[in-house]
Every structure is written in structure tokens, then in C-alpha cells.
2 protein chains.
Amino acid sequence: MSEQLTTTSYAVLAQVAVHPWSTYELVQQRVRYFRYVWPRAESAIYREVKRLSAMGLLDGRKEHVGKRARTVYSITGKGREALREWLATPVSPFAMDFEAMIRVFVAPIGTKEQIVATLHQVRDDAREMLRFGGEVKQEFLEGIAVTQDQVYIRALAVDFFISLLNTVEAWTERTLAEIETWDDLSPDGKNERALEKIRELPVPTLESVERTPVPPRTQLRPRRHDGRV
Amino acid sequence: MSEQLTTTSYAVLAQVAVHPWSTYELVQQRVRYFRYVWPRAESAIYREVKRLSAMGLLDGRKEHVGKRARTVYSITGKGREALREWLATPVSPFAMDFEAMIRVFVAPIGTKEQIVATLHQVRDDAREMLRFGGEVKQEFLEGIAVTQDQVYIRALAVDFFISLLNTVEAWTERTLAEIETWDDLSPDGKNERALEKIRELPVPTLESVERTPVPPRTQLRPRRHDGRV
DNA sequence: TGGCCTATACTCTAAATTGGAGTAAAAGCT
DNA sequence: AGCTTTTACTCCAATTTAGAGTATAGGCCA
């Protein structure tokens, strides 16, 4: 068993740092902590707590309810120290899995109904996540959240979550609206309008003067910064 | 070798559907197609084209430049058909890896400089990705993009990419600004202001009347829709 | 013209990770 | 008393990652 700590290790340490949990609870409650920003298989969490415990970063205590045992983990000083040291290391970049975009790309070989259904699904997913975000917001406003004493930090996370999901929802809305104006999924007469839309996108482009020396492809490919995961 | 097609299979099929590629080019150019929305190991792409070729969904032709061979893949009718059928299936939900949020969560055990450095890194990553987005925009405006005839579809993807990254960048900006107003990372006097910030987040909360029957935790956990990956 | 560096074009594999099946007891519900 | 759901995990086959390794081609410079 490797001694190498991964981001998953730190996600577990960070959640256990809040208060002790049985692994089952830890896994169930991950949705309120890091499932949305660091989704991992449940079995990976069970594996991780055992590993961290063997390394002395967590302290596992067996409890019994009748014949059924459970292990409740708490963080050790060594575990907290590991977290602290991690904060000095470079962060790994934002990444996403967004299958819907591949479907949008090949949408013209299917039907309008199919791409509309896909976008509806994405919008509904975003709305469901926003509903959850609203619940968390409500808990803080009522003062009943587990991490109530940490609102000043948690507010930053809730802000991110809600902003991101609102962006996704807004994109599905305007994309659906655009597609609804189409008679079919052929390019006929749509590209000119699309170029205007692209022109209005809120991102700067370089002057042609500056672009003249075409950069080699390796400079185009975003690469990770040195020493980053 | 399993015959089961994965989202990675469709990402490869979709890119090869644009025009034939050698595997090396396919892998290099993924950044312009699906690397940002479906990031996978390069070796996984090499494995996938061979598998798809063996299944008859891609057609691989060996070419030679001196002693060095390369295989150029094109999509077959069967491959296009597989893509078409896939469009009728349910889409898998949006997911992200955002390690920085775990660091924000435990920021108080570290220093202000550390969390500021993390947020700077996230902002710089977002800016780098936006710069790339600006390049793609520019290519379309100049009419020199490989998928120029598909601007009406590609515009939707570019819109998503730029919106999302702008959201991430804006969040890092206001979060950095907030943290800069802090003397230290302790909760002292910060929670009240944070509650006000949470109150203003653009997401609805339920009336307490409707929340009265507290839903069981399984209803709180967002679960995937039936039949979804 | 030879030497060096970079780009092309992959293969291979140990280790990590996923996803789900399986086991079993407790708690709730009817 | 019997059934379903929840708690509380373990186990493992199959997949996936990350990087090391191999080899040729092409460009550049002295």
C-alpha cells in the first residue's frame, strides 16, 4: 500500500477535520462537502480511510450497535499537519466531464428532438443541483448548518457552486432558444448569424499584427504548470 | 476486449467524423475538440482507436514515411450509425474536478498567502483557457477554422466554454477581493457579513412552510436519472 | 556533413480507480 | 411477524491512468 497522499486523501482528511464520522456517514454526507468538486467512487473512500488510519493521519475507533460494528474516524494531529503542508503545494487545475458537448457537436447527424432532449436533461440536472444549493443557503440563513461557525469560508464555496450552475443553466436556456428558431439541424443560412454570435462572445481576441508569427502547436496546447498534479 | 462503447469511444468517433487523422494528430488536436469537456489519458485514445477499428467503426490505413509507419483512421458507415444511435440515449451529467475548493475549505489552518496563491493559480488557469477560447473565436471570425462550415454548432460550444471560464475567473476575482479585506483567516467578525453575502446569492430558497416535513436524506442526495451512465 | 534537438508515432505496463455485486445486521413499517 | 429500508461495510473484475520506453524523421546550426 502506497504512502503517497492524493487529492482524495486530503478531501477525506478535510471532511473528517470537521468532526468524527463513521465511514458510512462520511460517504453519505460527501454530497454536502466535496462530492460535487471531487467526485470519487464510494469504495475509494472506504479504501482511503483505512489507508489514512494505517498511516496515523486518522484515528479509527470500533463501535458496536448490537452485533453490528462500525468504525468512527477522527483526525489526528499528524493528519492536520498533513493538510497544512498540502496547502503549500501547487493546486491541480479545474477540469470537467461534460458529455453533452460531444452530443451537441454531432447533433446534426441526429434529430432536433434528440439534441433538445439532451439540453433539457442538462438544464434539469443544473436546476436540481441549484435546488440543492438553495437548501444549503437556507440552512446557513437559518443558522442550523453543521459548519455554521465557518460561514465566512463556506459562503465562498456556495457562491462558486451557485454561480457555476447558474451559468450552465443560462447557457442551456439560450442554446435551446436558439435551436428552437431552427427548422432543422442543417447549416443552411445559420452560419452567418452564428458568426455574429461568436463576435459578441465576451472574450478578447488578439490583433492580427500580434498573431502574425504563428506560435508552434506546443504553445497552443495548455500544459500544466511545473510540479502540478 | 469488450465491445461496450463508452463516452470516450463516441468522443473519438465524433472527432474522426470531421476528417481522417493519424492517432498522433487526433491526440494532439483533442484540445480543439473534446479535451476540455472529456479529458482522458493519451494512451486511452490510442487504445480506443484500435478497439473501434477492430469493431469496424473506424477504418485504419497504414501509411509510411520512410521506415516510420503511422495509421490514419477514418470513420465508417457503421461508426456514423453508432454515433447516431448514441444520440437517442440519456446523457451523463455534468461533473467537475475542482481541487481548489477543498483547499478553500481548509484554508484557515494555513496562511492567507497560501489561499491567495491557490486562487491566483485558478485565475491564471482560467485566463489561459480563455486566451485559448479567444484564439478559437478569432479563427472562426477569420474564416480559417477547420470546422468553419459548422460555425452554427461550434458557436454553441465556444459560448459554453467562454461563459464557464468567465464565471470561474469572476469568482476568483471577487473571492480574492473579499479575502484581501481580511486581516487573517480566523472567523472573527466575518460570519455576519458572510451571511449577508449568502442571502444575496442568486438562488431561490423554499418557504419554511414547505420545508416543514423534512425530507429523508435519500431525497436530498442528487441521484442519477434511470438508465443514465 | 555530422550532430543535436525536437516532433512524430506509437507500445507497454504497474498501479490506481471504478462500479457494482455481495454480505449481514438493525431499524422502521404495517 | 414479516417485509422493506437503512446502516455498514468487503471484495474484486474490469477499466483507466500516467508515465516510461522505443524508434524514426525533420530541422537547424556550425
Side-chain angles (χ1 to χ4, degrees), chain A residues 1-9 11-12 20-30 35 38-53 60-73 92-93 95 97 215-221 223-224 226-229, chain B residues 1-9 11-12 20-30 35 38-53 60-73 92-93 95 97 215-221 223-224 226-229:
Chain A
M1 190 153 56
S2 158
E3 293 269 301
Q4 186 60 50
L5 295 181
T6 65
T7 301
T8 304
S9 319
V12 167
W21 315 72
S22 73
T23 322
Y24 182 80
E25 288 170 320
L26 182 82
V27 166
Q28 298 307 310
Q29 292 301 308
R30 253 174 61 77
R35 188 183 294 169
W38 200 256
R40 289 302 179 265
E42 298 195 353
S43 58
I45 308 301
Y46 278 95
R47 194 194 320 115
E48 197 61 35
V49 286
K50 283 198 226 168
R51 204 170 71 101
L52 293 172
S53 176
R61 285 168 196 278
K62 269 261 172 66
E63 290 186 356
H64 283 272
V65 184
K67 285 188 179 182
R68 197 171 60 190
R70 66 176 197 166
T71 313
V72 174
Y73 291 93
S92 81
D97 276 11
R217 206 172 316 165
T218 39
Q219 284 184 30
L220 294 177
R221 272 200 294 153
R223 283 266 128 252
R224 287 186 176 152
D226 291 283
R228 301 178 67 202
V229 194
Chain B
M1 188 154 59
S2 160
E3 292 270 300
Q4 188 59 50
L5 296 180
T6 65
T7 301
T8 305
S9 318
V12 168
W21 314 74
S22 76
T23 322
Y24 181 79
E25 288 171 321
L26 183 81
V27 165
Q28 297 308 311
Q29 291 301 308
R30 254 174 62 76
R35 188 185 291 170
W38 201 255
R40 291 299 181 266
E42 298 195 353
S43 58
I45 308 300
Y46 278 94
R47 195 192 321 113
E48 196 62 37
V49 287
K50 283 199 226 166
R51 206 171 68 102
L52 293 172
S53 175
R61 285 168 195 277
K62 270 258 172 70
E63 290 185 356
H64 283 272
V65 183
K67 283 189 181 184
R68 197 171 59 189
R70 68 175 194 167
T71 312
V72 175
Y73 291 93
S92 81
D97 275 10
R217 203 170 328 169
T218 38
Q219 286 182 27
L220 294 179
R221 271 200 294 153
R223 282 266 127 252
R224 289 190 174 152
D226 292 284
R228 300 177 68 201
V229 196

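In what follows, chains are A, B, ... by sequence order, proteins preceding strands, each numbered from 1.
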Nearest whole Å is fine: how far is [N] [atom2] from [X] [atom1]?
X: A:E25; N: D:dT7; atom1: CD; atom2: C1'; answer: 9 Å
X: A:R47; N: D:dC12; atom1: CZ; atom2: P; answer: 14 Å
X: B:W38; N: D:dT16; atom1: CH2; atom2: C1'; answer: 12 Å
X: A:E48; N: D:dC9; atom1: CD; atom2: C1'; answer: 17 Å
X: A:I45; N: D:dT7; atom1: CD1; atom2: C1'; answer: 18 Å
X: A:Y46; N: C:dG22; atom1: OH; atom2: P; answer: 18 Å
X: B:E3; N: D:dT15; atom1: CD; atom2: C1'; answer: 16 Å
X: A:L26; N: D:dA8; atom1: CG; atom2: C1'; answer: 13 Å

Between [options], which nucleotide gets closest to the side-chain atoms of [X]?
X: B:A41; options: D:dT17, D:dT15, C:dC10; answer: D:dT17
X: A:A44; options: D:dT16, D:dC9, C:dT18; answer: C:dT18
X: B:S43; options: D:dG19, C:dG19, C:dT17; answer: D:dG19
X: B:S22; options: D:dT10, C:dC10, D:dT16; answer: C:dC10
X: A:T71; options: D:dG19, D:dT16, D:dC9; answer: D:dC9

Shortest non-hydrogen separation from [X] to [Y] and the atoms involved:
X: B:R40; Y: A:D97; value: NH2-OD2, 3.3 Å
X: B:S9; Y: B:L52; value: O-CD1, 3.8 Å
X: B:G60; Y: B:S53; value: N-OG, 4.1 Å

| Heavy atom of residues 63-70 of chain A under 4.0 Å from DNA chain C: which residues? | A:V65, A:G66, A:K67, A:R68
So, [X] side chain and [Y] main chain: donor-acceptor pair closer than 3.5 Å or not?
X: B:R70; Y: B:V65; result: no
X: A:R30; Y: A:W38; result: yes
X: A:E25; Y: A:S22; result: yes

Examine [N]: is either OP1 or OP2 under 4.0 Å from a nitrogen or oxygen in the side chain of [X]? Give yes or no.
X: B:S2; N: D:dT15; value: yes
X: A:Y24; N: D:dT7; value: yes
X: B:K50; N: C:dC10; value: no
X: B:R40; N: D:dT17; value: yes

| request: Identify, with sequence neighbours excluded, every residue that meets salt bridge (Lys or Arg N to Asp or Glu O under 4.0 Å) alongside A:R68. | output: none
